[in-house]
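Below is one structure; the comments refer to it alone.
Residue numbering restarts at 1 for every chain, and letters A, B, ... go by the order of the sequence lines.
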Amino acid sequence: MSRYSPADVEPKWQAAWADAGTFTATRDESRPKYYVLEMFPYPSGRIHMGHVRNYTMGDVIARYKISTGHSVLHPMGWDAFGMPAENAAIERGGHPKDWTYGNIADMRDQMKPLGLSIDWTREFATCDPEYYGQQQSMFIDFMERGLVYRKNATVNWDPVDMTVLANEQVIDGKGWRSDAPVERRELTQWFFKISDFSEELLEAIDGLDGWPAKVKLMQSNWIGKSRGLQFAFERVGGGDPIEVYTTRPDTLMGASFVGISPDHPLAKELAETNADVAAFRTEVAKGGTTEEALEKAEKLGFDTGLTVKHPLNPDWELPVWIANFILMDYGTGAIFACPAHDQRDLDFCRKYDLPVIDTFLALDDPAPVGAEAFVPPKSEKVRWVDHFAGLDVATGEEAIDATIAFAEAAGWGKGVTQYRLRDWGLSRQRYWGCPIPVVHCDTCGVVPERKENLPVRLPDDVSFDQPGNPLDRHPTWCEVPCPSCGKPAKRETDTMDTFVDSSWYFARFTAPHAETPTNAEDAAYWMNVDQYIGGIEHAILHLLYSRFFARAMHICGHLPASAIEPFDALFTQGMVTHEIYVTRDERDRPVYHLPEHIEWHESGARLGESGAPVEVIPSAKMSKSKKNVVDPVNIIEAYGADTARWFVLSDSPPERDVEWTASGAEAAYKHLSRVYRIASDIAEAPQAGAGDDDLLRAMHKAIHDVTMGVESFGFNAAIAKLYGFTNTLAKTKAGRDTRAQAMRVMAQLMAPVTPHLSEEIWSMLGGERLIANAPWPVADESYLVEDTVTLPIQVNGKRRSELTVAKDLDK
RNA sequence: GCCCGCGUGGUGGAAUGGUAGACACAGGGGACUUAAAAUCCCCAGGCCGAAAGGCCGUGCCGGUUCGAGUCCGGCCGCGGGUACCA
């Protein structure tokens, strides 16, 4: 009997699939199509366990769908633009292009031994000019349809390096290289008008039946529809009134002050003549631009000395403050504060000794405000002590509606629907991205490049020896004739956010070599993606941008109306996590270390090289920056791809995070070896022996359970059933033919997960052609019916005994 | 801060509101072997008990229910996102 040897078996069957063209996707109108897609990888250079888990899941689905008669599209590509390539060029020299394409070649080499059912003829990278040229063409289409525009936006500014920083490059409010405190600065940037689609994107969430509820909820909250009251406070002593927006107009009688954003036009105007205002604006411009940084920053205020009149009582004057927690991007950039009913407002008023009007809404009687604000519940009834809108006892919702109606009737305010969703800023002041195909002309203004001049290619001759965007410093690349008037003009040097690249790649896979972004027939046949699989970390941005892009592409004629929701079903796999190992450098900044460089001693974890003690941080998402990554290549070399595939699916439910530990791969290998050994024994057994109903019953149960598992992403449960079926098959006294039949079914049920081993067993036991093309087995229902049922006997909800009875009492 | 998840033996986990811990890993015991590896068999939530059996047990506190790991409310801990990481 031969030993199971993946090193011999796996390449053999990969060659057989390639010869047979088993995974080449073909448009075949006679068969139902199935498009399965995993979120494509960033070419970091090494595949990791998260990739193996992600692509194995997609592969299980793809292979299962092939065996159930579908024409399957299962492509792979590379999300190849982005910062790490530039960082590599800065740190180690070389060119981002060489680094990226080298990484792609390396990763492809690591991925192919996994035996994935990928149609490699459709592979592309987003940094291929053939891809980003089509993207530039669509950008121009979007411009023509008013889906793109320019406006000012805030960026992280490193005042020492004189460059824009990504949020990731801001560490504790300081630039990662310069260590200088970061400032917020306004810059003219390109935007997609995703906010025009707020309502549509929100409403359509309801129809996404194949999406996880949590993702739909996150997207809804992100779009953040709210109804509120917009009205103006008249200035005492004249001047432009201050427009405010509030979602809690029912608290208007508790107003304490009017607050404006530091970026509000009035604040900017005051800063021109008042040095203190200017100094305050500079002070609060410190720090990064993330919502988290803004929310967590100390709440700071500045009294402008201006006052406004309360809309319901002209004698009631409120002070106007500039406050750093008010965002210019949301609402009107101005609010009124009600300390009695909002904790943040209360904290602010206590800090700056502003008036606090005692509770005028209460569950029972009005009570003086202490340290905690009473937030009126939206759905519970509350006594409305002030009767200005004709209310007595009402819910918050009713009070809000009544106040809006009251204001509208009186003519001093109007109900307004607001969305939290902001337009998508796509400008990046970086080299390694898709160039924005426009030209700045002194005469004609901003002019799109002519389509016949696309792609606008990135120049190869750039240097990364100084901070900032090398395109800005390029001596000739920027100098172009105006596409409109032909006079000398300047090319746009901003490149696109890499989210643009990943917002339509799924459509490009349907016709990766087309001369236009998509091809109508191919898009009509293959779209939508039937099953999309990827990490939960993309629940909001990538998926929302893709939903927007599909709509914009439809408007421009690049996708059919049926494809505006491009992903029929979404599965968010959990992440592969690992402990993080850290030491500190001389400036007490963290230095991360790979797991393979750590040694474990009695005293704890130590660095292998120096023996320095290592701080162990609890398991978190595997990431390059934290270096808590494990290389699957070692496992594939030691045990084979099938073992790695089996292992990543067997131990944890696919939607949950899994912490990688070294143990387990060995066990998976032992199990696959055992299955192979049992199959070999059967193949060599004499042609004799009786049938066995128990074995057939177990076989049909396994078909049923595994099919259910594969269809519902219960891969770990399906594998547990296969363990059980293996135990049954190992112990059975059934004859050779029945055992062979059962083992062929076992091979088929395992084939989506362990395709190489399954092919080997299939051929060993007389299966015809390739198992990859064999039709999926169907469970015979008559074998699934149990004759008896066991009933628990419970007394007061506690199990006391059990009773086994025949199901059919007549028997 | 805000939004969204998750929390079950030593470990990964299983369990349409109905016998908690399937299936594995690690561990213990045994068989085979000159020996080891490999393989096969058995044990195994905690506590008490020789056993039969009993009590406790799904992060914590409370609630709904004949019955809660599962549903509801409030905490605690961990993770993801937070618009320039991808």
Distances under 3.5 Å between protein N/O atoms and the N/O atoms of nucleotides 39-43 of chain B, please, pair by pair.
residue : atom : partner  : partner atom : Å
B:rU39  : O3'  : A:Arg677 : NH2          : 3.4
B:rC40  : OP1  : A:Arg674 : NE           : 2.9

Exercise. Would a line drawn from the ring center of A:Phe567 to the ring center of A:Phe506 be shorter than 6.0 Å?
Worked result: yes

Exercise. For the pair made of CD in A:Glu292 and P in B:rC85, what is the distance, rounded to whole Å?
Worked result: 13 Å

For this session: Can you run through RNA chain B from 5' to 3' and write each base as (, ), [, ], | or . depending on how it pairs? Watson-Crick or G-U wobble, both distances under 3.5 Å.
Result: (((((((..(((.....[....))).(((((.......))))).((((....))))..(((((..]....))))))))))))....

For this session: May I ask you to check whether A:Trp504 and A:Tyr131 place their ring centres under 6.0 Å from each other?
Result: yes

Exercise. In terms of side-chain heavy atoms, does A:Asp79 have a donor or acceptor partner in A:Ser502 at a distance below 3.5 Å?
Worked result: no

For this session: Using the P atom on both, measure B:rG45 against B:rG10 and round to a whole Å.
Result: 11 Å

For this session: For residues A:Phe192 and A:Tyr545, establish whether the separation of their ring centroids is below 6.0 Å.
Result: no

For this session: Please state how far atom CG in A:Asn87 lies from atom P in B:rC85, giving the value in whole angstrom units.
Result: 12 Å

Seminar exercise, completed: Residue set satisfying ring pair (Phe, Tyr, Trp, His ring centres under 6.0 Å) with A:Tyr419, at least two apart, ordered chain then number -> none

Exercise. Between B:rG17 and B:rU11, how far is it from one C1' atom to the other, in whole Å?
Worked result: 29 Å

Problem set entry | P atoms of B:rC60 and B:rA44, separation to the nearest Å | 26 Å

Exercise. Hey, is A:Arg420 close enough to A:Glu291 for a salt bridge, meaning N to O under 4.0 Å?
Worked result: yes

For this session: With sequence neighbours left out, write down each residue that passes ring pair (Phe, Tyr, Trp, His ring centres under 6.0 Å) with A:Tyr431, or none if nothing qualifies.
Result: A:His95, A:Phe464

Exercise. Considering only the C1' atoms, how many Å lie between B:rC56 and B:rG63, rounded to the nearest integer?
Worked result: 22 Å

Problem set entry | Test: A:Glu655 and A:Lys214 ion pair at under 4.0 Å | no

For this session: Run the numbers on A:Tyr330 and A:Ser226 for side chain to side chain contact (heavy atoms under 4.5 Å, CB included), then give the verdict.
Result: CA-CA 11 Å; A:Tyr330 185 73; A:Ser226 67; 3.1 Å; yes

Exercise. Within this structure, what is the CG-to-P distance between A:Asp423 and B:rA83, rounded to whole angstrom?
Worked result: 16 Å

Seminar exercise, completed: Residues in residues 716-725 of chain A with a heavy atom under 4.0 Å of RNA chain B, by number, are A:Asn716, A:Ala720, A:Tyr723

For this session: Send over the distance from A:Trp432 CH2 to B:rC84 C1', rounded to a whole Å.
Result: 18 Å

Exercise. Looking only at atom C1', what distance separates B:rC42 and B:rG18, rounded to whole Å?
Worked result: 32 Å

What nitrogen or oxygen pairs link the protein and nucleotides 2-6 of chain B at under 3.5 Å?
residue : atom : partner  : partner atom : Å
B:rC3   : O3'  : A:Asn221 : ND2          : 2.8
B:rC3   : O2'  : A:Asn221 : ND2          : 2.9

Seminar exercise, completed: From the list A:Leu187, A:Thr493, A:Leu165, A:Thr163, side chain to side chain contact (heavy atoms under 4.5 Å, CB included) with A:Gln429 holds only for A:Leu187

Exercise. When rounded to the nearest Å, what value does the distance between C1' atoms of B:rU58 and B:rC6 take?
Worked result: 14 Å

Exercise. Starting at CE of A:Met708 and ending at P of B:rA14, how long is that distance when rounded to a whole Å?
Worked result: 16 Å

Exercise. Within the structure shown, what part of the strands sits under 4.0 Å from A:His538 by heavy-atom distance: base, sugar-phosphate, or nothing?
Worked result: base

Seminar exercise, completed: When rounded to whole Å, the CZ to C1' distance for the pair A:Arg428 and B:rC85 reads 11 Å

Exercise. Taking atom types as modelled, is there a side-chain donor on A:Trp190 or A:Glu492 under 3.5 Å from an acceptor on the other?
Worked result: yes

Seminar exercise, completed: 5'-most contact on RNA chain B (nearest-nucleotide basis), A:Val155 vs A:Ile536, goes to A:Ile536

Exercise. What do you reckon, are the aromatic ring centroids of A:Phe499 and A:Trp424 less than 6.0 Å apart?
Worked result: no

Exercise. In terms of base orientation, is B:rG5 syn or anti, with the syn window spanning 90° either side of 0?
Worked result: anti

For this session: State whether A:Lys193 and A:Asp423 are salt-bridged, where the test is any N-O pair (Lys NZ or Arg NE/NH1/NH2 against Asp/Glu carboxylate O) under 4.0 Å.
Result: no

For this session: Would you please indicate if the ring centroids of A:Phe725 and A:Tyr723 are separated by under 6.0 Å?
Result: no

Exercise. Between A:Asn152 and A:Met328, is a side chain to side chain contact (heavy atoms under 4.5 Å, CB included) present by the stated rule, with each step listed?
Worked result: CA-CA 12 Å; A:Asn152 280 352; A:Met328 197 56 219; over 6 Å; no

Exercise. Mind checking whether A:Phe548 and A:Phe197 have parallel, tilted or perpendicular rings, split at 30° and 60°?
Worked result: perpendicular

Seminar exercise, completed: Taken to the nearest whole Å, CG/A:Leu541 to P/B:rG80 is 15 Å

For this session: Scan A:Gly574 against the nucleic acid and name what it touches under 4.0 Å (heavy atoms): base, sugar-phosphate only, or nothing.
Result: nothing

Exercise. Checking all strands, does A:Pro41 fall into the base, sugar-phosphate, or nothing category for heavy-atom contacts under 4.0 angstrom?
Worked result: nothing

Exercise. Nearest to the side chain of A:Leu421 - B:rA83, B:rC25, B:rA86?
Worked result: B:rA83

Problem set entry | Closest to the A:Tyr545 side chain, choosing from B:rA86, B:rG13, B:rA83 | B:rA83

Seminar exercise, completed: Rounded to whole Å, the CG-P distance (A:Asp329 to B:rU82) equals 16 Å

Exercise. Say you pick atom P in B:rU70 and the same atom in B:rG62; how far apart are they, in whole Å?
Worked result: 15 Å

For this session: With P as the reference atom in both, quote the distance from B:rC41 to B:rC23 in angstrom, rounded to an integer.
Result: 13 Å

Exercise. Do A:Gln429 and B:rC84 share a donor-acceptor pair, side chain to base, under 3.5 Å?
Worked result: yes

